[in-house]
*Asks:* 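Take this structure, written in structure tokens, and hold onto it; I'll ask about it next.
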Amino acid sequence: MKTLKPIVTLFFALFLLNSCSDDNNENTDPPISGDYKDGYFVTNEGPFQNGSGTITFVGNDGTVEQSIYKKVNGDDLGNIVQSMVLNDDRAYIVVNNSHKVVVVDRYTMEKIDVIKGDNVNNPRYFVIFKNVGYLSNWGDPNDPSDDFIAMIDLVTNEVINTIPVGEGPENMVVSNATLFVNLEGGYSQNNKVISIDLGSNEVKTITIVGEVPNSSSVDFLGAVWVLCGGNPSWTGNETAGRLYKISDSDVSYFEFELEDHPEHLTYGNGRLYYNLNGKVYEMTLSDNDLPTENMNGFDGYYYALKYNDDKLYATDAKDFASEGDLKVFDISSAKLLETITTGIIPGDIDFQQTQ
Amino acid sequence: MRYNLSFFLSFFCVLAYTQNNYTNELEEIVLKGNFSPTLNSGYSTETISDSILKSTYQSFGNLLQNTSNLYFKQNGNGMVSSISLRGTGASRTGVYWNGIAINSSLNGQTDFNTLFANGFDNVVIRRGGGSVLLGSGAIGGAINLSDEILFNSERDGNILFGFGSYTTGNTQLTGRISTDKLYAKISFGAFGSKNDYPYLGTNLNNENGELKNYNFNGVFAFKLNEQNTINFYTTIFDSDRNTSRTLTALSKAKLLDFNSRFLLDWKYLGNRYTSSFKMAYLYEKNTYFFNREQAEFSESLSKKFIGKYDMTYFLNKKILFNAGAQIDNIKGKGTNIEKAVQNDFTSYLLFHHEPISKVNYNVSIRKGFSNQYEIPFIFAVDFNAELSTNLNLKGNFATNYRLPTINDLYWEPGGNPDLVPETSSTVELGLLYTKAIFEFNLTTFLIKSNNLIQWQPVSTDIWHPLNIQNVKNYGLELSVLLHKKINTHIIDFKIQYDYVTAIDQGLSKQLIYVPNHKANSIFNYKFKSWGFSYNLQYTGKVYITTSNTQSLNAYTLSNISINRSFFKNKLQLSFQVNNLFDEKYQSVAYRPMPNRNFNLNIHLII
């Protein structure tokens with residue numbers, strides 16, 4: 001879910017400019033006033049270097065509809081659709097390389113507003129707390145000191161404040177009126193979780209965690225779990241992945257093997273799930289050790305992994321140059337329920353907001 | 001113009017034999033090296049004349065696209081441009097400079113917007129697999145840019161100035177001087193453009209598309225005696241490009257390319273024996289700024305040394321042998337390349353025979369060794385038969401390879417030192433019919449490629465190259481040429497059509513960015529000092545997803561030019577309109593190409 005610098009330079013070096021898009025499928029049909037009320041969404045980053053991301057809708061009745069934003073609004077969403085958040089009747093779509101957040105009607109996908117400007121710069125993720133949106137921004141990816149969280153008034157859709165943070169703010173979660181921001185490091189590797197008091201909007205604590213905190217979740221008791229991938233071997237300073245638990249009173253962690261770099265932590269029904277070396281692992285909140293046995297039948301190198309309603313939703317970006325897949329697994333029966341074709345590079349899955 | 005050189009070859013042969021010596025063929029072999037028609041009788045070649053090279057100023061890619069029927073994938077006007085010949089990838093078309101392979105040692109490709117052909121005298125396009133004679137990567141075909149050396153005691157100068165839309169300006173100054181023993185040519189060019197054309201149908205323009213570049217060519221040759229000449233060639237290219245925005249995203253990036261190439265060639269021309277000893281040094285460096293306003297960049301560079309010996313020996317009038325050996329030493333370095341060294345040694349042998357009058361064939365083999373991988377044994381057979389005075393049949397079968405490049409082997413992270421060379425088998429058959437004012441050429445081909453190197457994701461942030469892809473290409477190429485002169489009216493007409501299918505054998509899908517259909521036609525009319533030219537190009541639909549679910553529309557382009565010469569051709573003015581009908585098109589998705597635009601060229605010959 002992040003486009004690391006080595007990949008950028010690699011693509012450049014290889015001239016792999018084989019981007020893909022639906023630009024020229026000229027759509028002359030009038031916008032369909034589709035009803036996207038009952039179902040969930042997958043955001044697709046779109047082709048890597050040039051093109052537009054898209055949104056796939058999966059209806060509860062089993063219907064699947066691609067490129068719904070373009071269908072409704074007639075124009076492209078933008079380059080690298082990073083993530084999306086649903087909130088009441090709105091959806092906020094973060095478009096990383098077009099430096100904007102597109103606000104749409106969550107039920108019809110009709111565009112309502114676009115949040116952009118100097119204070120939306122390489123945006124990554126969006127969370128909402130009491131009618132304020134918090135948007136993590138890398139700023140200039142090569143500048144380690146201009147990263148920030150933008151606070152957005154959801155009534156006016158304007159940035160009302162920015163909070164400077166360290167390099168590479170990525171995933172965020174809210175627990176006990178506190179925002180926990182993973183400083184993953186952007187194009188390099190960082191190792192912090194920063195907590196921001198959502199009353200004063202000031203930084204409370206900076207917790208040093210393992211390298212590359214790539215995902216986080218909040219359990220039902222309010223503890224924040226942060227999965228750190230560790231430094232990959234190509235950095236020349238490989239470090240082991242770690243799973244941190246941050247609660248009011250305590251910070252503790254589990255350590256993986258040196259060559260293990262887990263990612264995609266997701267939480268549900270008292271259990272944590274993550275993806276490591278092409279396997280999916282499950283552990284309970286009270287486990288004293290990391291699981292050694294992987295979940296049978298869930299294998300894959302996933303691009304996104306999310307828990308929802310006793311199911312695991314996992315995306316496969318395949319060759320990054322054609323449509324990806326979304327796999328839906330039933331956890332209790334360990335069965336693959338369905339495989340759904342998505343857009344190009346499916347990076348986020350969004351269910352009804354539970355906030 | 002497309003000639004079947006073997007046709008001329010047979011003509012030359014007859015001439016040579018009647019003169020009862022080998023001079024003509026030997027001279028041709030010495031001049032054209034491994035691109036010589038004698039050694040390539042079963043292949044079709046096309047030559048672009050120096051008058052075209054000298055009178056227009058454009059990147060090599062645009063020139064080839066406008067004068068020949070080649071397909072380029074261009075990342076916006078002036079940006080990175082790569083070729084796909086016969087549906088093969090950009091690194092499977094060999095690009096040569098005076099017979100020396102100049103595809104990047106880093107990625108195996110050539111960016112055709114980092115070559116400008118004005119300073120050169122000759123361009124040859126040789127289609128079909130040619131690794132045996134030409135080495136790694138000549139699979140779809142090969143293109144040779146060369147300088148001509150003449151000891152004719154003449155001197156001339158060419159001055160070209162051009163102006164165009166989007167604040168574009170260019171100049172090329174070339175001077176040549178020779179005696180009966182010495183030859184020198186110096187050519188210098190500069191090009192700059194704001195390149196800020198509007199994106200048709202939007203309110204955007206080609207932001208961050210500025211580019212400028214400089215080129216220098218130098219040739220110095222010494223004729224020691226009737227048998228021995230020593231030639232020194234150099235070419236330097238320096239380019240500074242911002243990289244264009246797309247329809248959906250701004251860009252602040254910038255790309256610098258610097259290439260310098262040096263070649264020393266000692267040629268010997270004997271009575272029945274000729275040889276060429278070459279030493280070349282090629283330097284390339286590219287620097288990429290994510291944000292041109294900041295100091296941070298990433299860069300890659302390579303240094304390549306080539307030593308090559310090639311000889312030809314006529315056993316008798318009907319049989320000749322050609323043999324060669326080459327060493328390549330490549331060093332790579334860069335932000336993502338620690339330390340990379342590639343050492344290759346290859347040698348080849350060719351047997352040419354004319355068993356009966358008007359029929360000749362070649363059999364050739366090549367084998368090499370490397371510190372990195374096993375270089376496969378490859379071979380080729382080609383023939384040309386003059387069926388009647390008007391009709392020629394030619395054909396070839398060849399096995400070919402492409403060696404992994406520095407990036408494939410050493411890129412960090414992900415590079416794979418265990419890669420092996422890609423292999424391809426190519427076969428083609430062609431018919432050429434010529435009659436007075438008319439020429440008709442039809443060629444069909446088949447390419448089967450195995451173990452193609454493909455970069456694949458192994459995790460979300462690591463990609464890794466593997467010998468994994470198998471591809472089958474087939475197609476046909478058709479060209480018709482007409483040349484008619486009525487008093488002072490001269491009409492030239494050329495039409496070319498290529499049909500290509502390139503199927504990924506694993507996916508059973510057409511490769512992305514390979515059009516099934518591509519056509520080009522040029523109509524030239526000359527009357528006294530006036531000239532008029534109309535160029536019509538068609539590029540078919542290309543797929544842009546490997547699943548073939550999305551595509552870019554086909555497009556048709558028209559370019560016209562009017563020129564007039566003054567003072568006995570000493571001054572030529574030409575005015576050109578490109579994309580006459582304002583076609584809205586993209587070569588690469590989301591990267592619109594220019595609307596209708598103009599340029600004016602002033603060419604002085606002194």
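Values below: every heavy atom of this structure, side chains too, minus hydrogens, waters and symmetry copies. Letters go in sequence order (proteins before strands), and every chain restarts at 1. Bear in mind the structure is a predicted one, so any value in this text is a computation, not a measurement.
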*Asks:* Report yes or no: do A:Trp138 and A:Glu170 form a side-chain donor-acceptor pair below 3.5 Å?
*Replies:*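 Yes, a side-chain donor-acceptor pair sits under 3.5 Å.
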*Asks:* I'd like to know if B:Lys285 pairs up with B:Asp257 as an ion pair, taking the criterion as any Lys NZ or Arg NE/NH1/NH2 lying under 4.0 Å from an Asp or Glu carboxylate oxygen.
*Replies:* no
*Asks:* Can you tell which part of A:Lys318 gets under 4.5 Å to a heavy atom of chain B, answering side chain, backbone, both or neither?
*Replies:*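 Interface part for A:Lys318: backbone (N, CA, C, O).
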*Asks:* Using heavy-atom distances under 4.5 Å, tell me whether A:Asp140 contacts chain B through its side chain, its backbone, both, or neither.
*Replies:*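 Just the side chain, heavy atoms under 4.5 Å.
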*Asks:* Salt bridge or not between A:Asp299 and A:Lys279? Use side-chain N to carboxylate O under 4.0 Å.
*Replies:* yes
*Asks:* Just to verify, which of B:Leu403, B:Ile453, B:Val471 counts as forming a side chain to side chain contact (heavy atoms under 4.5 Å, CB included) with B:Glu422?
*Replies:* B:Ile453
*Asks:* At a heavy-atom separation under 4.5 Å, does B:Ser547 approach chain A through its side chain, its backbone, both, or neither?
*Replies:* both
